[in-house]
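To keep things clear, I will list the structure first and then write my remarks on it.
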There are 4 protein chains.
Amino acid sequence: MEFRIDRSSGLPAYLQLVRQVREALRLGWLGPGDRLPTVRDVVARSGVNANTVLKAYRELELSGLVEARQGSGTFIKAGLGSTDPEVMAALRTRLAEWVREARAAGLDTEDVDALVRSVLADEDGDQVTAGEGVAVR
Amino acid sequence: MEFRIDRSSGLPAYLQLVRQVREALRLGWLGPGDRLPTVRDVVARSGVNANTVLKAYRELELSGLVEARQGSGTFIKAGLGSTDPEVMAALRTRLAEWVREARAAGLDTEDVDALVRSVLADEDGDQVTAGEGVAVR
Amino acid sequence: MEFRIDRSSGLPAYLQLVRQVREALRLGWLGPGDRLPTVRDVVARSGVNANTVLKAYRELELSGLVEARQGSGTFIKAGLGSTDPEVMAALRTRLAEWVREARAAGLDTEDVDALVRSVLADEDGDQVTAGEGVAVR
Amino acid sequence: MEFRIDRSSGLPAYLQLVRQVREALRLGWLGPGDRLPTVRDVVARSGVNANTVLKAYRELELSGLVEARQGSGTFIKAGLGSTDPEVMAALRTRLAEWVREARAAGLDTEDVDALVRSVLADEDGDQVTAGEGVAVR
DNA sequence: GTGGTCTAGACCACC
DNA sequence: GTGGTCTAGACCACT
């Protein structure tokens, strides 16, 4: 697994790490027993400080998703999204098609993002996971 | 326009405000000449501090999207690459269908979010606007 | 770099800071890679509040001139159309001569300032950077 | 006399008005007995609010430069820079030459401004009237 | 110890 | 009443 930290996003680095592990679990890229990259590894590849990585891993451990084993690494303990991989793949394919259409219509990534967040917010006042929703009267 | 602040998202409140204005512009909910809610209004409705709102509005002003007029309010100055509303609506409808399917398959909001981010990240290494991306080897 | 804040000038302190950094860039006193004084440093030396300094640095960052790195400081990211230092020095010398003359003729600083602004304003209706201009019919 | 207000300069509008009157006095454009434009006039031409103009005129009156005569207008009471007009003109000409040179060397207005402020600041620690000075160690 | 967010409250400038 | 500046101080994120 490879982490990508965007220093300009405003989201704290350690939360970006936590989030990326959770997403990998949801998507089935990671599962119980898998080993997370070592702290040293993440430091080398992403440039963040070791304490930042430790903080992220600690947080994951506290939420029960991960288990640190002294001397051997950090391992996934529990899964997250237990959706059937095939169903997931099918949904993904259809989503990708939609994105292609959107691109063709001239939308850039931020447009797409805005639309997605807006649609999710519309579902009867549901919370959008990333944080907000917009409503205009 | 109504703002929603999610204190648990990790994203700074003022950036949530900035983002929501930008999204409203992208979606065509707001356009040049429109007035943003007054600082005091936002304070009353969202509970954040006045300085936080001021900071958000100031960043919007510096980026050229908005113009503050002392004594009268803050106004939209420029649009943000707005796509044809009809095309937008069509895309939105199709997206909403997809989301319904995803829901039916048991995905929760965080799953949907992960999928979207993953698909956007896949498009030839493009950056995801919200900040990160996940790549698994 | 050392900042000087004049509380009686009417110009907001944070703008004085922004301006002084810009001027230092223009004059070649500062260049890419250089580190600005820490926020705490400026606070200690100039007496303004930390938030005021932060605000100035943030504006510089948004305008792309500077980059803040948490834990290590704020650094110059880009130059500002720097003219050849020798040419600059020559112009400076000649200007200094002119100022000496003006002083000898009895002009005080405010007179000199008024003259400069007036000459700059005269150049085909160009805008004076500091804000105003005077035209008498 | 014509006022020019720059809303983006950061300097309060009423101070811009005050400053412009003072400059006109310094440069000899205005002298004792001259009448300032009426408040109504300034409002019409510059777009600022009447109270803002009144505040500026009041401030000028408090500093003894101007005198308001009920029903007839506001008049210059005292001069400021009493430098010989011919000397002033000569200095102005030489300054204009210098500015032309600077322009030819590629400096823009902000560069020129920075140089001037820097030279004025250098005169043995003298205060620059507009507010600041920059010193780099 | 570095930058950054947020709050609370005072006071200013402008309409 | 509108936006804007500044202060003071608490707490967070990162090196």
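To find a chain, count down the sequence lines: A is the first, B the second, and so on, and within it residues start at 1.
Nearest approach of C:K77 to C:G64, heavy atoms of both residues: CE-O, 3.8 Å.
Annotation: of the two residues near DNA chain E, B:S72 and C:L36, the 5′-most nearest-nucleotide partner is C:L36. Checking B:V39 against C:R7, the closest nucleotide of DNA chain F that is more toward the 5' end is the one next to B:V39.
One can find a donor-acceptor pair under 3.5 Å joining the base of E:dG9 and the side-chain atoms of B:N51.
Electrostatic pairing of C:R58 and C:E61 counts as a salt bridge here, judged by a charged N lying under 4.0 Å from a carboxylate O. Of the charged side-chain nitrogens involved, none lies within less than 4.0 Å of a carboxylate oxygen, so that A:E59 and A:K55 do not count as a salt-bridged pair.
Residue C:L54 contributes atom CG, which lies 15 Å from atom P of F:dT5 at whole-angstrom precision. Rounded to whole Å, the distance from CD on B:E59 to C1' on E:dG4 is 12 Å. Rounded to an integer number of Å, the gap from CD of B:Q70 to P of F:dG3 is 10 Å. Atom CG of D:N49 and atom C1' of F:dG1 are 13 Å apart (whole Å). Rounded to an integer number of Å, the gap from B:R69 CZ to F:dG4 P is 12 Å. Spacing between atom CG of C:L15 and atom C1' of F:dT5 amounts to 10 Å, rounded to whole angstrom units. As a whole-Å value, the separation of B:L11 CG from F:dC12 C1' is 15 Å. Rounded to a whole Å, the CD atom of C:E67 is 15 Å from the P atom of F:dC14.
You'll find that the side chain of D:A13 is closest to E:dC14, out of F:dT5, E:dC14, F:dG3.
Residue contacts shown for C:E61 are limited to sugar-phosphate atoms, with no base heavy atom under 4.0 Å away. Contacts of D:Y14 with the nucleic acid, taken as non-hydrogen atoms under 4.0 Å apart, involve only primed sugar atoms and P, OP1 or OP2. Heavy atoms of D:A50 sit nowhere under 4.0 angstrom from any nucleic acid atom.
Base-pair partner of E:dA8: F:dT7 (Watson-Crick or G-U wobble, both distances under 3.5 Å). Look at E:dC14: its Watson-Crick or wobble partner, with both distances under 3.5 angstrom, is F:dG1.
More than 12 heavy atoms of other residues, nucleotides or ligands lie within 6.0 Å of CZ in A:R69, so this atom counts as buried by the packing criterion.
Here C:T52 reaches the OP1 or OP2 of F:dT7: one of its side-chain N or O atoms lies under 4.0 Å away. Here B:K55 does not reach the OP1 or OP2 of E:dC6: none of its side-chain N or O atoms lies under 4.0 Å away. Residue C:R40 has no polar side-chain atom (N or O) positioned under 4.0 Å from OP1 or OP2 of E:dG4.
Judged by a 6.0 Å distance limit and a 45° cone about the ring axis, A:R45 is not positioned over the six-membered ring of A:F3.
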